[in-house]
Each structure stands twice: as C-alpha cells, then as structure tokens.
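Inspection log for the structure reproduced underneath, given as structure tokens.
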Amino acid sequence: MFRRILIANRGEIALRIIRACREMDIQTVAVYSEADRHAHYLDLADERICIGGGPAAESYLNIPRIISAAEIADVDAVHPGYGFLAESSHFAEICESCNIAFIGPSAAILAAMGDKVEARKIAQRCKVPVVPGSDGAVENESQAQEVARKIGYPVMIKAAAGGGGRGMRTAHNDISLVKSFIAARSEAEATFKSPILYIEKYVEQPRHVEIQVLADRFGNALHLGERDCTIQRRHQKLIEESPSPALNKSIRRELADAAVRLCKEVEYVGVGTVEFLVDPARNYYFIEMNTRIQVEHPVSELVTGMDLIKEQLLTTCGERLRMRQKEIRFEGCAIECRINAEDPGFGFKPSPGLIDGFVLPGGPGVRVDTHAYSGYRISSFYDSLVAKLLVHRGTRREAIATMRRALGEFVVGGIKTNIPLHEQIFGHTKFLRGDFDTGFIENVMALA
Ligand code: ADP
C-alpha cells in the first residue's frame with residue numbers, strides 16, 4: 001500500500017481523502033493556496049505545504065509547484081481528487097515520469113476518455129449505444145449543418161474537451177446552428193484550449209443516469225449501481241440519488257453491463273463513472289466517462305456500504321478486487337443535496353463570503369461531508385460547494401422525509417445558499433413522484 005500521498009486538491013474532497021488515509025495508516029500531505037491558508041482540514045493532514053496564490057492557475061492547477069511539493073515531501077503517490085488536474089493526462093504522465101504514482105487510471109485512458117469524440121468511438125466499439133451524432137469532430141459550420149440535417153434538429157454542439165457542464169450549446173435550426181457553432185468554438189478554445197467540437201442529437205426530456213464502476217489491474221471490473229443525477233442547474237448536478245426512480249430491472253442491468261464492458265475494453269483501473277442519458281421511452285445513450293472519483297460518490301457508498309476512496313487507493317496501488325459482483329449488496333435509497341454558496345433567485349450567482357454561523361443536521365440516516373465551519377470563508381476563487389448533505393433510508397419516501405427534516409436543521413449564516421431551493425424541490429409533487437427530467441429546475445421551478 002502507499003506509504004505517504006500528496007493530495008492535489010482542496011476543500012471537502014481533500015478532507016474526505018485525508019479521512020480514508022487516516023483509517024488506512026497512509027500519511028497525507030495537503031497542499032494549499034494562500035486563500036486556503038486557514039482551512040481547518042489542513043490540520044488533519046500529516047504535513048501541509050503552501051503552493052501559491054489563490055487563483056487556481058497559481059496553485060491547484062500549477063503542475064511544477066505540485067510536483068516540487070511532492071518531491072520535497074517525499075510521497076509515493078498523488079491523489080488528484082476531482083476537478084483541477086484529476087483528468088489531466090499530462091499531469092498523470094509527469095507524475096509517472098517522476099516516479100510518483102497517479103491515483104487514477106493510466107495517462108492513456110485519461111487522454112482517450114478526456115476526448116469525448118474518442119470516448120464515443122470506444123463506446124461504439126463496445127456496442128454501447130451513443131447519442132446519434134457526428135462520426136467524429138465537426139470541422140466547420142457547413143459540415144455542422146450537414147450533420148444536423150441528417151440527425152434532425154434540435155442538436156447539441158459540444159466541446160470534445162468539455163466538462164463541468166460548459167462548452168455545450170443547443171441549436172434548433174440552420175441559422176441558430178451557425179451562430180452557436182461559432183460561439184461554441186471560441187468558448188471551447190478559451191475554456192478548454194481546444195477548438196474541437198462534435199454534434200449530438202439533443203435528447204428531449206432526458207434523465208441523467210450514471211453507473212459507478214470499480215476495476216483492478218487484473219481485468220476485473222464491478223459496478224456499484226447507478227446514481228440518478230437528473231436534477232441539474234445549467235447542466236450541473238444539484239441532487240443525486242440511488243437507485244434511480246426511472247429504471248426498471250432490465251434497463252438497470254443493461255446500463256450496468258454496458259458500463260462494465262466499457263471498463264474492461266479500456267482496461268480501466270480504479271473508480272470511474274460511465275454517464276448515460278435515458279429518454280422517456282427508456283432508450284439509453286452513453287455521453288461520457290469520468291475517470292476519477294466524483295462529487296456524488298457518497299451516494300453509492302451509502303447504498304453499498306463500501307468506502308470508495310479506500311477501494312480507489314487499493315486498486316490503483318495494484319491490489320486485486322476483494323469482492324465479486326454478486327457479493328455487492330444494494331440497500332435502501334440514498335440521496336445527496338449539493339449545498340452551494342449561491343443565489344438561485346439571481347441566476348445561481350455565487351455568494352462567497354464569511355460563514356458566521358454553521359449548524360449541521362444529524363441524527364439517524366444523515367451524513368454531511370464538508371470542510372466548512374462557522375468562521376470559514378467561502379473563497380471566490382473556487383467552486384461554491386459548501387457541503388454535501390446525504391441521507392440513507394430504507395425507501396425513497398423515507399429518504400425524502402429525512403432530507404426535508406435535515407434541510408430544516410441546516411443553518412449556514414452570513415452567505416446565501418441553495419438550501420431554500422432544495423426545500424422547495426423536496427416539497428414538489430413531481431419530484432416526490434420521481435417524475436422529472438433534466439429541465440426540472442428551469443421549466444418546473446422556473447429558475448435558470
Ligand atoms: P460535462 O462533461 O460538461 O458534464 P456531459 O456530456 O456529461 O457534460 O453533459 C452534462 C449534461 O448536459 C447532461 O447531464 C445533460 O443534462 C446535458 N446533455 C448533454 N448531452 C446532451 C444531449 N445530447 N441531449 C440533451 N442533454 C444533454
């Protein structure tokens with residue numbers, strides 16, 4: 001097992017990794033930016049190293065500084081968490097060349113899956129259905145029109161290197177397609193440093209359902225069930241639950257089989273997520289694979305009773321999977337609410353600032369993953385996640401009741417959060433019935 005690892009991340013996921021390592025007797029080295037200097041979770045690491053200024057480019061995205069810290073601290077591995085460098089094949093390669101293990105799949109897999117055009121090809125090779133769309137990258141506006149006319153409007157223009165819900169545009173006709181294509185290209189270039197675009201049919205009223213996978217170096221791969229992440233704002237997840245209220249037994253099995261097939265095809269190692277859209281007729285389509293631990297991983301931890309960070313550390317270190325598929329038990333229903341510092345009534349505008357009162361919910365069936373506390377300052381440099389509030393109960397109905405109770409107990413003073421929005425969602429009959437699609441926040445709650 002790893003002796004000492006550096007965590008190239010911050011906030012709740014850094015804390016989550018420190019906790020798993022502490023239980024496994026792995027020493028941790030936390031890196032931090034000047035903006036995070038006073039964060040309490042840093043005290044729980046065995047060592048702390050400041051790597052630069054608040055802007056991510058100066059710290060959490062700064063490869064030379066992270067590698068220098070790793071060498072000074074004499075670690076044998078780096079955990080990238082999620083976001084920042086977690087899916088950078090370049091970073092993974094540099095780690096390997098410095099003899100530092102990258103806690104994730106190989107650089108080659110990161111590169112293949114990080115290119116969504118390539119990922120679609122791999123999925124097709126494994127007979128996993130993809131959203132109808134362009135065969136590969138789309139070079140220019142006229143080629144885009146050709147593809148769109150063939151598959152039929154509406155379509156989505158997506159950046160091959162896209163992520164985080166950005167770099168996506170919908171077009172309903174030839175005219176809006178040209179405009180969107182040009183805008184998408186410059187956005188992709190600016191945000192992802194790659195102008196490569198592709199086109200997919202816009203799937204109407206879809207649900208986002210993803211399969212958690214876990215694989216070892218010996219060709220074994222398991223699935224840990226699905227998470228339904230349909231409740232989103234601006235293509236970013238807000239609520240995740242397992243099991244999905246929208247699946248029946250046969251489609252659940254098909255999705256899981258498809259995800260495991262994909263994993264085996266690319267010889268995946270560690271934890272990963274295969275994402276699908278499911279339409280109202282229950283056709284399903286692969287959209288992408290995330291080659292890292294995800295924000296919403298605790299949902300699967302609650303229903304399976306497994307610790308995904310520990311499993312990730314074990315498998316990426318070279319251990320064999322300790323269980324077989326039929327030994328994985330799925331119990332009850334788990335739901336996660338992302339508690340963000342943002343104002344849903346104001347276009348989800350981030351609301352950074354000082355938290356001047358913080359009361360966590362608790363009691364039966366409740367888990368909160370957070371690095372925040374009263375006196376903690378939410379920085380404007382990073383994402384607005386304050387806490388992940390999770391519940392786990394025998395049934396969806398009970399889980400919803402527990403979530404409503406827990407949301408009511410949660411006090412975050414001094415900043416605006418989306419807790420009131422979550423309370424509204426958990427009181428909405430359509431949500432209670434499990435009857436919603438990815439447009440729920442925009443169309444039903446009338447927020448965008
Ligand atoms: P990212 O990597 O930026 O998260 P994804 O490809 O995973 O992008 O898509 C994020 C979300 O965007 C999906 O959950 C879904 O809501 C929406 N989306 C993506 N592709 C399509 C599509 N072809 N049709 C309809 N919605 C889509």
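Source: prediction; values computed, not measured. The first residue in the sequence is number 1, and the count goes up from there. Ligands are counted one by one from 1 in listed order, and the atoms in each one are counted from 1 as well.
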Give me the residue, atom name and distance of the protein heavy atom closest to [atom].
atom: atom 8 (O) of ligand 1; answer: Lys116 NZ, 3.2 Å
atom: atom 27 (C) of ligand 1; answer: Met156 SD, 3.4 Å
atom: atom 17 (C) of ligand 1; answer: His235 ND1, 3.5 Å
atom: atom 2 (O) of ligand 1; answer: Glu288 OE2, 2.7 Å

> Arg169: what forms a salt bridge (Lys or Arg N to Asp or Glu O under 4.0 Å) with it, not counting sequence neighbours?
Replying inline: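 Arg169 satisfies salt bridge (Lys or Arg N to Asp or Glu O under 4.0 Å) with Glu187 only.
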Can you name the nearest heavy-atom pair linking [X] to [Y], along with the distance?
X: Leu302; Y: His392; result: O-CE1, 3.0 Å
X: Glu210; Y: Glu296; result: OE2-OE2, 2.6 Å
X: Pro154; Y: His172; result: CB-ND1, 3.7 Å

Pick one of side chain, backbone, both or neither for how [X] approaches ligand 1, counting any non-hydrogen atom pair under 4.0 Å.
X: Lys237; value: neither
X: Gln236; value: neither
X: Val203; value: both

Ligand-residue contact atoms, ligand 1 with [X], heavy atoms, under 4.0 Å:
X: Thr438; value: 16 (O)
X: Lys201; value: 22 (C), 23 (N), 24 (N)
X: Leu277; value: 15 (C), 20 (N), 21 (C), 22 (C), 24 (N), 25 (C), 26 (N), 27 (C)
X: Met168; value: 3 (O), 8 (O), 9 (O), 10 (C), 12 (O), 19 (C)
X: Glu275; value: 7 (O)

> Any chance CD of Glu267 has more than 12 other-residue heavy atoms, nucleotides or ligands included, within less than 6.0 Å?
Replying inline: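 Check fails, neighbour count at 12 or below.
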> More than 12 foreign heavy atoms under 6.0 Å from CG of Asn443: is that the case here?
Replying inline: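 Check passes, neighbour count above 12.
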> Where does the angle between the aromatic ring planes of Phe440 and Phe436 fall among parallel (under 30°), tilted (30 to 60°) and perpendicular (over 60°)?
Replying inline: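 Rings of Phe440 and Phe436: perpendicular, as their planes differ by over 60°.
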>> Which option wins on minimum heavy-atom distance to atom 19 (C) of ligand 1: Gln232, Lys158, His208?
In response: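 Answer by nearest heavy atom: Lys158.
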Please indicate whether any nitrogen or oxygen in [X] is less than 3.5 Å from any nitrogen or oxygen in ligand 1.
X: Tyr202; value: no
X: Gly164; value: yes
X: Gly165; value: yes

> Side chains of Thr438 and Arg207: do they bring a donor and an acceptor to under 3.5 Å?
Replying inline: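 Thr438 vs Arg207: no donor-acceptor pair found between side chains.
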> Sequence neighbours excluded, which residues qualify as side-chain hydrogen bond (donor to acceptor under 3.5 Å, both in side chains) partners of Lys201?
Replying inline: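 Residues passing side-chain hydrogen bond (donor to acceptor under 3.5 Å, both in side chains) with Lys201: none at all.
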> Looking at Phe426, is Arg404 sitting on its ring face, NZ or CZ under 6.0 Å from the six-membered ring centre and within 45 degrees of the normal?
Replying inline: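 Cation-pi check for Arg404 and Phe426: fails.
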